[in-house]
Amino acid sequence: MVFLTVAGNAANVQADPPDAAAGQLQVTVDIPGGAAVVQSIDQEKRVIRIEPPRPEGRGWVVWWYFKVSGIRPGETITIDVGNPPWSTPERAAFSLDNRVWTQTAPGRQIEKRMVYQQRVEGAEAWFAWGPPFSPEDAKQLVDEASQKFPAAVTFELCRTLEGRPTPALLIHQPGVPDDERYGVWIQARQHAWESGASWVCRGMVEWLISDDPRAESLRKTAKIYVVPVMDIDNVAVGAGGKEQKPHDHNRDWSDKPHFPAVAAAMEHIRREDTAGRFDLFIDLHNPAPSTKNPFFFLAPADLISAPRRANIDRFLNVCRLEISGPPKFEGQTYESGQRYDPNWPRISKNWVTSHTREHVVAVTLETPWNTPHATPEGYQAIGRQLAMATERYFRESPRTP
Ligand SMILES: [Zn+2]
């Protein structure tokens, strides 16, 4: 399913629109994760006006992503986007092949719109809120990791409510005995619009399976689960996901989870923790438009015992050492408790904090999206640095005070 509204003239969803050859701009959203309401296309001035779709019950209105064809190679086209500030990054994501993503120049804010101009050296181009990362990309990431590296095993975390597979990866190289291994759970995209979180996750995976001796040392001492996209259904259809009906994935960590991905994640974490093999939980997100540096959300202070506090402090310290960005982690943390959200006990890292042994660290990393670094390379650098922080953290056992 794709969300599509055709307004005015020739917007349609055909793969090869007949008018495109004649230099008529055409917008296509029939791509995985595609989303845009086309408000108008001015063929004279070469201006495409869009806003994000508002699919009923599927969460925040932020994400947009579409293909443009009918471009006269070398011409500058204008993309004019509504719904500021969440839908209007300073720079939009731009690609000539739907694979390599860069950014446009900074847009100009004109009243309640953001206007991006881009010279395009090709007949087609793709534009998006941020670099897309689809369920197919998640599958490709875990498959490539397992092909490249035999100690990485792909598995299907679950089938979603709409029947889609949820790709996952377990990294675990022969080394120390199983019951001495550190258990790590890494997940991204409980909120579908936050595509940068999946790129951070990708950066972690690529470092974890790399030849870096530090990565090898971590693989031999830990068992690392990775889920690049938790809310597959909303990512697949280009919906926002956050605050969807009846609630989103990150308000679902309860005795009766609604989403199969959450139920499966809880089961794995519970099992490893019961066996005394769980140590670190990292949930990856993108924050508000004004955020310029990465920060962590932590569980409410009154939920955190002294041993847990000591480990959290140590984890934050290694993150300060390793996450140099850009943008750099400068030690900023916030609590997500009662004042943040009355449903705080059902936030994933809060659930993990209250349902695991006292040494376990559970955090949410928020990586900013409204910066020049919110590219695949920039996000992956943060992921790599976070993985290096994880390796540094486990140089000391978190299980012994
Ligand atoms: Zn989020």
Side-chain angles (χ1 to χ4, degrees), residues 33 35 52 55 57-65 83 85-87 89 128-135 138 166 185-204 226-254 257-259 261-262 265 281-299 327 329 332-337 339-353 362-371 374 379 382-383 386:
R58 298 198 77 131
W60 280 18
V61 176
V62 182
W63 176 253
W64 51 271
Y65 168 31
N83 198 41
W86 290 82
S87 287
W129 171 89
F133 193 98
S134 68
T166 304
W185 185 273
I186 298 159
Q187 63 180 29
R189 290 304 262 302
Q190 292 204 86
H191 296 144
W193 65 274
E194 300 165 14
S195 71
S198 289
W199 285 102
V200 172
C201 185
R202 185 185 180 116
M204 294 189 84
V226 186
V227 187
V229 176
M230 286 287 283
D231 185 0
I232 288 277
D233 285 341
N234 280 318
V235 171
V237 301
K242 182 159 175 159
E243 294 185 3
Q244 64 183 288
K245 304 291 179 203
H247 53 251
D248 67 50
H249 284 60
N250 206 24
R251 301 293 182 278
D252 194 40
W253 294 62
S254 69
H258 175 70
F259 297 105
V262 172
F281 172 87
I282 303 175
D283 187 27
L284 299 168
H285 288 253
N286 284 133
S290 57
T291 302
K292 296 300 174 193
N293 289 86
F295 70 87
F296 286 97
F297 273 115
L298 305 176
F329 170 59
Q332 201 173 23
T333 61
Y334 294 95
E335 248 183 51
S336 44
R339 269 193 300 182
Y340 175 75
D341 187 332
N343 292 318
W344 66 270
R346 304 203 311 242
I347 294 175
S348 54
K349 60 139 193 347
N350 292 344
W351 181 89
V352 174
T353 301
V363 294
T364 301
L365 176 66
E366 300 275 358
T367 305
W369 53 268
N370 204 11
T371 83
Y379 282 131
I382 299 288
L386 177 60

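Atoms within a ligand are numbered from 1 in the order they appear, just like the ligands themselves.
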Check: N293/Q332 side-chain N/O donor and acceptor closer than 3.5 Å = no
Sequence neighbours left out, what passes side-chain contact (heavy atoms from CB on, under 4.5 Å) with S336? Give chain and number order.
-> F297, Y340, I347, K349, N350
Considering only heavy atoms from C-beta outward, does the side chain of V352 approach that of D283 to under 4.5 Å?
-> no
Could you name all protein N, O or S atoms found under 2.8 Å from the Zn ion (ligand 1)?
-> H191 ND1, E194 OE1, E194 OE2, H285 ND1
Polar side chain donor-acceptor pair, R346 to S254, under 3.5 angstrom | no
Polar contact flag, side-chain donor to acceptor under 3.5 angstrom, Q190-S348 | yes
Donor + acceptor pair across side chains of N250, H191 (<3.5 Å) = no
